[in-house]
Structure formats: structure tokens, C-alpha cells
Amino acid sequence: MMNGSEEPTRDEMLELAMLEAMGQLDEVEEARLDRAFRAASPSLQDEIRALQLRIATDPALRSTEQPPASLRLRTLARVAHAIEEDAAAAAPIAMIGQGSRERGVDSTARSVESLHADVRRLAPAANGGVSAIWRVAALLAFAALAVTLYFNAQTAAMSRSLVFALQNQ
């Protein structure tokens with residue numbers, strides 16, 4: 001490819017730009033491409049942008065796999081939570097007027113609550129039949145516990161009656 005001391009040629013820059021668009025460049029090569037791109041002529045920059053756009057929008061190179069619908073909402077909820085924590089950490093020491101802080105917190109809290117509600121709404125759909133299986137398993141475990149407690153109570157009552165009978169003899 002190229003060594004660290006020389007500037008890349010136009011063809012090398014186009015090749016590096018193509019590899020960068022596909023996510024196959026290491027950090028060193030990306031830094032070299034970035035420096036060379038900034039120093040390149042505007043026409044070469046436009047050519048590189050056009051090449052990367054073509055590669056990014058090529059249907060043959062795109063993945064057909066779709067992420068789960070709840071992933072976007074979970075990500076947004078985490079971002080909103082981080083923003084809320086940041087806002088709480090950067091809160092002023094004193095407030096002038098009562099309504100100034102309440103309005104900002106209420107709108108942030110409402111947006112976080114709506115994101116959490118969306119996540120809760122989509123979570124069963126994302127899990128499919130798995131949550132139903134866990135519900136059945138929990139119900140069976142509860143039934144087994146109830147039967148065990150019943151027989152434990154019967155055994156304890158029988159033991160008490162035997163101890164009482166032995167004490168009376």
C-alpha cells in the first residue's frame with residue numbers, strides 16, 4: 001500500500017475510501033486517509049464522497065438482517081436516562097422561582113416514561129413465545145411449592161400428634 005512518509009496517490013485514496021466505507025480499515029490507515037482527504041483538492045474530495053455514497057447504498061453490500069424493534073427503543077431509553085442523570089448532576093445549587101425546574105424535569109420525565117412504556121409494550125412481541133413458556137414454568141413451580149407446603153403442614157401436624165401421644169403415655 002503506502003508507507004507513513006509519503007502522501008497517498010489518487011488511486012490509493014480511492015481504494016482506502018472504498019475500504020473505509022466497508023469498515024475494513026484499521027485506525028492508522030483511517031488517520032492517514034483522513035489527513036490526505038483534508039489536504040486533497042475539492043474535486044477529489046467530491047469524488048471520494050460519491051464513491052463512499054455508492055458503496056454505502058449498494059444493495060449487494062447491505063445486510064438483510066433487521067435488528068429487533070425494541071433495540072431502538074432500549075437505546076433511546078438509555079440515552080434519555082443518561083441525559084437525565086447528566087441534568088441531575090449539573091443541577092444548580094439554588095433555584096429562583098418554583099416553576100422553572102419543575103417544567104424541565106416534567107418534560108424529561110414524561111419523555112423517559114413514554115420510552116419505557118414503548119419498551120414494555122414491545123418487549124413481549126420481541127420475546128415471542130419465550131415469555132409464555134416462562135409464565136407456564138412459573139405457574140408449575142408455584143403449584144409444586146403449594147403442594148410441598150401442604151404436605152409439610154400435614155407432616156408437621158402428624159408429628160405433633162405423635163409427640164403428644166408419646167408424652168401422654
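Since we're looking at a predicted model, the values are computed, not measured.
Here salt bridge (charged side-chain N to carboxylate O under 4.0 Å, His left out) pairs that include residues 71-83, with residues two or more places apart or in two chains, number zero. Within the structure, side-chain hydrogen bond (donor to acceptor under 3.5 Å, both in side chains) contacts touching residues 40-49 (residues at least two apart or in different chains) are R10-E47, S41-S43, D46-R49.
For the atom pair L14 CG and L44 CG, the distance stands at 6.0 Å (nearest 0.5 Å). Separating the CG atom in L76 from the CD1 atom in I83 is a distance of 9.5 Å, to the nearest 0.5 Å. The distance from atom CE of M18 to atom CG of L33, rounded to the nearest 0.5 Å, is 12.0 Å.
In plain terms, the two heavy atoms of E12 and E7 that are nearest each other are OE1-O, 4.5 Å. Listed here is the closest heavy atom pair of Q52 and A21: CG-CB, 3.9 Å.
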Could you pull out all donor-acceptor pairs under 3.5 Å where a side-chain atom in residues 157-169 meets a protein atom, sequence neighbours excluded?
| from | atom 1 | to | atom 2 | distance (Å) |
| --- | --- | --- | --- | --- |
| S159 | OG | T155 | O | 2.9 |
| S161 | OG | M158 | O | 2.8 |
| N168 | ND2 | F164 | O | 3.4 |

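With sequence neighbours left out, the side chain to side chain contact (heavy atoms under 4.5 Å, CB included) criterion links R38 to D34. When the side chain to side chain contact (heavy atoms under 4.5 Å, CB included) test is applied to Q24, the partners found at least two apart in sequence or on another chain are L19, M22. Contacts of N152 classified as side chain to side chain contact (heavy atoms under 4.5 Å, CB included), with partners at least two apart in sequence or in another chain: none.
The hydrophobic cluster analysis finds L71 isolated: no Ile, Leu, Val, Met, Phe, Trp or Tyr side chain comes under 4.5 Å of it, directly or through other members. Its side chain within the 4.5 Å cluster rule, L149 clusters with L145 among the Ile, Leu, Val, Met, Phe, Trp and Tyr residues. Through side-chain heavy atoms spaced under 4.5 Å, either directly or across other Ile, Leu, Val, Met, Phe, Trp or Tyr residues, F151 is tied to V147, Y150.
Atom CD of Q154 has more than 12 neighbouring heavy atoms from other residues, nucleotides or ligands inside a 6.0 Å radius.
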**Request:** Under the side-chain contact (heavy atoms from CB on, under 4.5 Å) rule, what do E30 and E27 come out as? Steps first, then yes or no, please.
**Result:** CA-CA 5 Å; E30 278 186 27; E27 295 159 0; 5.6 Å; no
